[in-house]
Novice: 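Below: one structure in structure tokens.
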Amino acid sequence: MNVNREPIRVALLGCGTVGTEVLRLLQDQPEEFAARTGAPMQVTGVAVRRPDKHPEVPPGLLTADASALVDGDVDVVVELIGGIEPARSLLLRALRSGKSVVTANKALLAEHGSELYAAADEAGVDIYFEAAVAGAIPLLRPLRESLAGDRIHRVMGIVNGTTNYILSEMDATGAGYAETLDEAGRLGYAEADPTADVDGFDAASKAAILASLAFHTRVTASDVHREGISGVTPGDLAAARQLDRTVKLLSICERVVDEDGGESVSARVHPAMIPSTHPLARVGDAYNAVFVEAEAAGELMFYGRGAGGAPTASAVLGDLVAVARNRVVGGRGPRESAHAKLPVQPMGKTPTRYHVSLDVADKPGVLSQVASTFTDHEVSISVVRQQGRGADASLVVVTHTAADEALRSTVESVARLPVVRDVVSVMRVEGEPS
Ligand SMILES: NC(=O)c1ccc[n+]([C@@H]2O[C@H](COP(=O)([O-])OP(=O)(O)OC[C@H]3O[C@@H](n4cnc5c(N)ncnc54)[C@H](O)[C@@H]3O)[C@@H](O)[C@H]2O)c1
Ligand SMILES: N[C@@H](CCO)C(=O)O
Ligand code: NA
């Protein structure tokens with residue numbers, strides 16, 4: 001390929017955990033990138049909040065004025081600042097002035113993806129964002145391109161590295177919540193505001209992006225039912241272990257078909273118990289893993305590093321090469337595909353299963369009182385197990401599938417029974433036949 005053409009000029013916005021690695025890898029092997037792209041790649045500037053804090057960046061490149069950098073002579077803007085503003089305004093300006101965009105910003109895409117797609121379309125340029133979901137793992141390109149001819153039924157997985165790290169450490173070593181969260185921040189996994197991780201906002205943004213791509217429907221973060229891990233207790237982890245299960249924070253995007261054939265999308269993030277034998281149960285540390293179930297392809301699994309500077313930079317650079325190559329040879333990457341316009345199903349109507357662990361009085365008839373409360377709510381029981389006697393008496397109930405709101409109100413009624421001393425753990429169950 002002829003690489004004697006004009007360089008592709010790249011503006012880098014943000015040089016933190018991910019940006020630093022992108023810059024390092026770009027500068028490591030310029031000839032390789034030139035050969036893969038068909039033109040040399042030239043970084044024209046690096047915008048950061050505090051230029052005096054970046055001795056690793058050649059000083060001539062540094063600026064605190066991201067707007068001026070975007071407005072300058074550049075072909076591609078790589079956004080690694082994070083958050084909604086000023087990232088949104090900067091990227092709209094870039095796209096509207098004919099610059100292609102690469103971003104890792106899932107929060108922005110999950111809220112304003114359509115606006116960004118529209119701006120890219122009008123200007124005839126690209127927007128790529130592989131790093132936004134599951135870090136290094138090639139997942140969005142397979143959904144946008146490789147599986148574009150198939151019909152996807154379900155996308156389910158672990159897409160937040162920080163919470164997976166915390167849950168894995170708490171389960172394996174009994175480590176405390178706060179100390180593992182601090183360590184996840186130190187390792188570069190956590191968001192600038194780690195409540196985005198632990199309260200499920202990050203995973204919900206990713207679920208919105210995955211559901212949009214899988215079901216050709218606009219799904220935003222506010223459409224996603226969200227529960228984080230701050231409510232997961234050592235009691236939940238112990239209850240899971242007793243049944244040979246483990247607790248993971250799952251993002252689940254499903255195509256739901258009702259009795260009349262009507263279709264809707266369920267997108268949700270919540271902790272769930274899965275069997276210890278399930279492949280997702282073995283995903284530890286900050287690793288991510290995602291299952292895709294498609295009509296013709298069947299089951300696919302994607303696994304790898306979902307967070308951290310270098311893994312995320314790998315995905316950013318893959319996008320950068322693709323975008324630069326499109327500019328060299330002409331042509332564009334995939335655009336928004338939202339033609340299906342499926343409604344989003346409310347969580348209350350979504351079919352789920354519950355595991356309920358109860359601290360109960362050691363009296364005759366407890367089991368039948370609890371069981372009949374489930375029956376009264378038309379919730380069918382799959383497993384019931386009574387353990388211990390006296391002060392240690394406990395009862396575990398695992399239900400069959402029912403509407404989430406029915407399960408929730410059943411647990412409320414059970415909690416009010418005089419024979420129930422405490423509801424020790426309530427957790428949804430996934431990854432096993434219902
Ligand atoms: N860290 C990860 O593991 C990871 C993985 C996947 C995606 N992401 C996403 O990548 C993006 C960057 O994450 P990070 O962990 O590198 O963040 P970071 O906080 O380490 O870095 C942010 C950078 O942006 C700069 N910045 C902030 N405001 C700015 C402004 N107004 N103008 C110019 N520069 C500004 C900061 O100076 C810093 O260099 C986020 O969208 C994040 O969600 C991160
Ligand atoms: N904070 C995110 C970074 C990757 O998107 C995580 O822990 O998964
Ligand atoms: Na990815």
Side-chain angles (χ1 to χ4, degrees), residues 11-23 45-54 56-57 62-70 77-91 102-110 128-144 157-167 181 184-203 205-206 209-210 213 228-229 249 251 285-290 302-319:
L12 183 59
L13 310 184
C15 197
T17 304
V18 183
T20 307
E21 288 298 312
V22 167
L23 191 61
V46 179
V48 292
R49 203 186 276 127
R50 296 281 309 273
D52 55 315
K53 300 273 182 200
H54 291 268
E56 78 285 7
V57 181
L62 281 166
T63 176
D65 191 347
S67 302
L69 186 57
V70 166
V77 172
V78 178
E79 185 272 312
L80 300 169
I81 291 175
I84 305 297
E85 288 294 352
R88 171 178 162 270
S89 305
L90 289 165
L91 292 192
V102 174
T103 178
N105 192 334
K106 52 267 165 147
L108 177 63
L109 289 158
Y128 274 61
F129 45 90
E130 182 60 71
V133 183
I137 308 172
L139 177 62
L140 304 190
R141 197 161 312 193
L143 288 174
R144 284 174 106 186
I158 296 166
V159 294
N160 182 268
T162 301
T163 47
N164 199 54
Y165 177 79
I166 294 172
L167 289 176
L181 175 57
R186 205 185 57 73
L187 292 166
Y189 304 150
E191 294 299 299
D193 172 4
T195 54
D197 295 298
V198 294
D199 290 339
F201 290 100
D202 178 79
S205 294
K206 291 165 175 169
I209 295 169
L210 291 172
L213 297 180
I229 64 160
L249 184 70
S251 293
D285 203 68
Y287 278 86
N288 285 188
V290 179
F302 298 84
Y303 172 81
R305 287 195 186 275
T312 308
S314 166
V316 171
L317 287 167
D319 282 355

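Order of appearance sets the numbers: ligands from 1, and atoms from 1 within every ligand.
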Novice: Suppose we measure from atom 4 (C) of ligand 2 to each protein heavy atom; which comes out shortest, and what is that distance?
Specialist: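 Atom 4 (C) of ligand 2 sits closest to the protein heavy atom Gly306 O, 3.2 Å.
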Novice: Measuring from non-hydrogen atoms of Gly188 to any atom of ligand 1, is the shortest distance under 4.0 Å?
Specialist: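 Yes; Gly188 lies near enough to ligand 1 that a heavy-atom distance drops under 4.0 Å.
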Novice: Quick one: which ligand 2 atoms are inside 4.0 Å of a heavy atom on Glu191?
Specialist: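 Every atom of ligand 2 under 4.0 Å from some heavy atom of Glu191: 1 (N), 2 (C), 3 (C).
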Novice: Using a strict 4.0 Å threshold on nitrogen-to-oxygen distance, state whether Arg144 and Glu130 make a salt bridge.
Specialist: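 Here Arg144 does not pair with Glu130 in a salt bridge, since their nearest N and O are not under 4.0 Å apart.
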Novice: Tell me: protein heavy atom nearest atom 20 (O) of ligand 1, and distance?
Specialist: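 Of the protein heavy atoms, Thr17 N, 2.9 Å lies nearest.
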Novice: List the closest protein heavy-atom neighbour of atom 40 (C) of ligand 1: residue, atom name, distance to the nearest 0.1 Å.
Specialist: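 Nearest protein contact, heavy atoms only, for atom 40 (C) of ligand 1 is Gly82 CA, 3.6 Å.
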Novice: Enumerate the atoms of ligand 2 whose separation from the nearest heavy atom of Asp197 is less than 4.0 angstrom.
Specialist: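 Counting from 1, the qualifying ligand atoms are 1 (N), 2 (C), 6 (C), 7 (O).
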Novice: Which atoms form the tightest heavy-atom contact between Glu56 and Lys53, and what is the distance?
Specialist: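 Nearest heavy atoms, Glu56 then Lys53: OE1-O, 4.4 Å.
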Novice: Asn105 side chain to Gly83 main-chain N or O, any donor-acceptor pair under 3.5 Å?
Specialist: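 Flag set: sc Asn105 to bb Gly83 pair under 3.5 Å.
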Novice: What protein heavy atom lies closest to atom 37 (O) of ligand 1? Include the residue and the distance to one decimal.
Specialist: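 Protein heavy atom with the smallest distance to atom 37 (O) of ligand 1: Arg49 N, 2.9 Å.
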Novice: So among Leu90, Leu13, Val77, Val46, which one has a side-chain contact (heavy atoms from CB on, under 4.5 Å) with Leu69?
Specialist: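 Output: one option passes, namely Leu13.
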Novice: Can you find a side-chain donor-acceptor pair between Thr63 and Asp65 that sits under 3.5 Å?
Specialist: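 Absent: no donor and acceptor within the cut-off.
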Novice: Rounded to the nearest 0.5 Å, what separation is found between the CZ atom of Arg88 and the CD1 atom of Ile81?
Specialist: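 Answer rounded to 0.5 Å: 14.0 Å.
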Novice: To the closest 0.5 Å, what do you measure between CG (Leu91) and CG (Leu109)?
Specialist: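 Separation between the atoms: 8.5 Å.
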Novice: Below the 3.5 angstrom mark, is there an N/O of Ala190, backbone or side chain, next to an N/O of ligand 1?
Specialist: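 Looking only at distances, the answer is no, because the N/O contact criterion of under 3.5 Å is not met.
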Novice: Please state which protein non-hydrogen atom is closest to atom 30 (C) of ligand 1 and give its distance, to 0.1 Å?
Specialist: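 For atom 30 (C) of ligand 1, the nearest protein heavy atom comes out as Ile81 CD1, 4.0 Å.
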Novice: Any chance you could measure Asp202, atom CG, to Tyr189, atom OH, to the nearest 0.5 Å?
Specialist: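 It is 14.5 Å, given to the nearest 0.5 Å.
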Novice: Test your reading of the structure: does Gly161 have an N or O sitting under 3.5 Å from an N or O of ligand 2?
Specialist: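 Gly161 vs ligand 2: N/O contact under 3.5 Å present.
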Novice: For atom 44 (C) of ligand 1, what's the nearest protein heavy atom and its distance?
Specialist: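 The closest one turns out to be Val18 CG2, 3.6 Å.
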Novice: Could you find the nearest protein heavy atom to atom 10 (O) of ligand 1 and give me its residue, atom name and distance?
Specialist: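 Its nearest protein heavy-atom neighbour is Ala104 CB, 3.5 Å.
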Novice: Answer whether the closest heavy-atom distance between the side chains of Asn288 and Asn164 falls below 4.5 Å.
Specialist: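 No; the side chains remain at least 4.5 Å from each other.
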Novice: Measure across Pro194 and Leu181 and return the closest heavy-atom pair with its distance rounded to 0.1 Å.
Specialist: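 Residues Pro194 and Leu181, closest heavy atoms: CB-CD1, 3.9 Å.
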Novice: Below 3.5 Å, N or O to N or O, backbone or side chain included: is there any such pair between Arg50 and ligand 1?
Specialist: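 In this structure, Arg50 places no N or O atom under 3.5 Å from an N or O of ligand 1.
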Novice: Is there a donor-acceptor pair under 3.5 Å between the side chain of Asn160 and the backbone N or O of Ala203?
Specialist: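 Checked: no pair found.
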Novice: What distance separates Phe129 CZ from Leu108 CG, expressed to the nearest 0.5 Å?
Specialist: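 Rounded to the nearest 0.5 Å, the CZ-CG separation comes to 10.5 Å.
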Novice: Where is the tightest heavy-atom contact between Pro142 and Pro138, given as atom of each residue plus distance?
Specialist: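 Between these two residues, the closest heavy atoms are CG-O, 3.4 Å.
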Novice: At a threshold of 3.0 Å, where the distance has to be below it, does the Na ion (ligand 3) have an N, O or S atom of Gly135 nearby?
Specialist: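 So Gly135 does bind the Na ion (ligand 3) by this criterion.
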Novice: Give yes if a backbone or side-chain nitrogen or oxygen of Gly308 is under 3.5 Å from a nitrogen or oxygen of ligand 1, and no if not.
Specialist: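 Yes, there is a polar N/O contact under 3.5 Å.
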Novice: Which protein non-hydrogen atom lies closest to atom 42 (C) of ligand 1, naming both residue and atom, and how far is it?
Specialist: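 In this structure, atom 42 (C) of ligand 1 has Glu191 OE1, 3.6 Å as its nearest protein heavy atom.
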Novice: Just jot down the ligand 2 atoms closer than 4.0 angstrom to any heavy atom of Tyr189, in number order.
Specialist: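 Once the distances to Tyr189 are compared, the set is 1 (N), 2 (C), 3 (C), 6 (C), 7 (O).
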Novice: If you measure every N/O of Gly306 against every N/O of ligand 1, is any gap under 3.5 Å?
Specialist: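 Checking ligand 1 against Gly306, no N or O pair falls under 3.5 Å apart.
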Novice: Is the shortest distance from atom 17 (O) of ligand 1 to a protein heavy atom below 4.0 Å?
Specialist: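 Protein heavy atoms within 4.0 Å of atom 17 (O) of ligand 1 - there are none.
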Novice: N/O/S atom of Gly306 under 3.0 Å from the Na ion (ligand 3), yes or no?
Specialist: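 Of the N, O and S atoms in Gly306, none lies under 3.0 Å from the Na ion (ligand 3), which means no.
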Novice: Which residue is it: Leu23, Leu12, Thr20, Val48? I am looking for the one with a side-chain contact (heavy atoms from CB on, under 4.5 Å) to Val57.
Specialist: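 Going through the options one by one, the only one that passes is Leu23.
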Novice: Is the Na ion (ligand 3) less than 3.0 Å from an N/O/S atom of Ile137, whether that atom is in the backbone or a side chain?
Specialist: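 Checking the Na ion (ligand 3) against Ile137, an N, O or S atom does fall under 3.0 Å.
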Novice: Ligand 1 and Glu79, any nitrogen or oxygen pair closer than 3.5 angstrom?
Specialist: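 No - when backbone and side-chain N and O of Glu79 are compared with those of ligand 1, no distance drops under 3.5 Å.
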Novice: side-chain contact (heavy atoms from CB on, under 4.5 Å) with Val290: which of Ile137, Leu139, Ile158, Val133?
Specialist: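 Per the side-chain contact (heavy atoms from CB on, under 4.5 Å) rule, the option paired with Val290 is Leu139, out of Ile137, Leu139, Ile158, Val133.
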Novice: In the protein, which heavy atom is nearest to atom 5 (O) of ligand 2, and how far is it?
Specialist: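 For this ligand atom, the closest protein heavy atom is Lys106 NZ, 2.5 Å.
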Novice: At a 4.0 Å threshold, what atoms of ligand 1 neighbour a non-hydrogen atom of Ala47?
Specialist: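 Answer, ordered by atom number: 33 (C), 34 (N).
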Novice: For atom 33 (C) of ligand 1, state which one of Asp65, Leu69, Val48 supplies the nearest heavy atom.
Specialist: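 Looking at heavy atoms only, Val48 sits closest to atom 33 (C) of ligand 1.
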Novice: Any idea which part of Thr162 is under 4.0 Å from ligand 2, heavy-atom wise: side chain, backbone, both or neither?
Specialist: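 The answer is both.
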Novice: For Asp197 and Glu191, indicate whether the former's side chain and the latter's backbone hold a donor-acceptor pair under 3.5 Å.
Specialist: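 Answer holds: yes.
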Novice: For ligand 1, note which part of Thr312 has a heavy atom under 4.0 Å away: side chain, backbone, both or neither.
Specialist: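 Side chain only; the backbone of Thr312 stays clear of ligand 1.
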Novice: So which protein heavy atom does atom 12 (C) of ligand 1 come closest to, and at what separation?
Specialist: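 Among all protein heavy atoms, the one nearest atom 12 (C) of ligand 1 is Leu80 O, 3.3 Å.
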Novice: Counting from 1, what ligand 1 atoms have a heavy atom of Cys15 closer than 4.0 Å?
Specialist: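 Once the distances to Cys15 are compared, the set is 23 (C), 38 (C), 39 (O).
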Novice: Indicate, as side chain, backbone, both or neither, the part of Ala131 found under 4.0 angstrom from ligand 1 when only non-hydrogen atoms are considered.
Specialist: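 Under 4.0 Å from ligand 1, Ala131 contributes backbone atoms alone.
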Novice: Could you tell me if any non-hydrogen atom of Leu13 lies under 4.0 Å from any atom of ligand 1?
Specialist: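 So Leu13 does not count as touching ligand 1.
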Novice: Could you tell me which atoms of ligand 1, counted from 1 in the order shown, lie closer than 4.0 angstrom to a heavy atom of Ala307?
Specialist: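 With Ala307 as reference, the close atoms of ligand 1 come out as 3 (O).
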Novice: What do you reckon, does Gly19 have a nitrogen or oxygen under 3.5 Å from a nitrogen or oxygen of ligand 1?
Specialist: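 N/O-N/O distance under 3.5 Å: no.
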Novice: Ignoring hydrogens, what is the shortest heavy-atom contact between Cys15 and His54? Give both atom names and the distance.
Specialist: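 Shortest heavy-atom contact: O-CE1, 3.0 Å.
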Novice: Can you tell me how the ring of Tyr303 sits relative to the ring of Tyr287, calling it parallel under 30°, perpendicular over 60° and tilted otherwise?
Specialist: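 Tyr303 and Tyr287: parallel rings.
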Novice: Are any side-chain N or O atoms of Thr312 and backbone N or O atoms of Ala131, one a donor and one an acceptor, separated by less than 3.5 Å?
Specialist: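 Not a single qualifying donor-acceptor pair exists.
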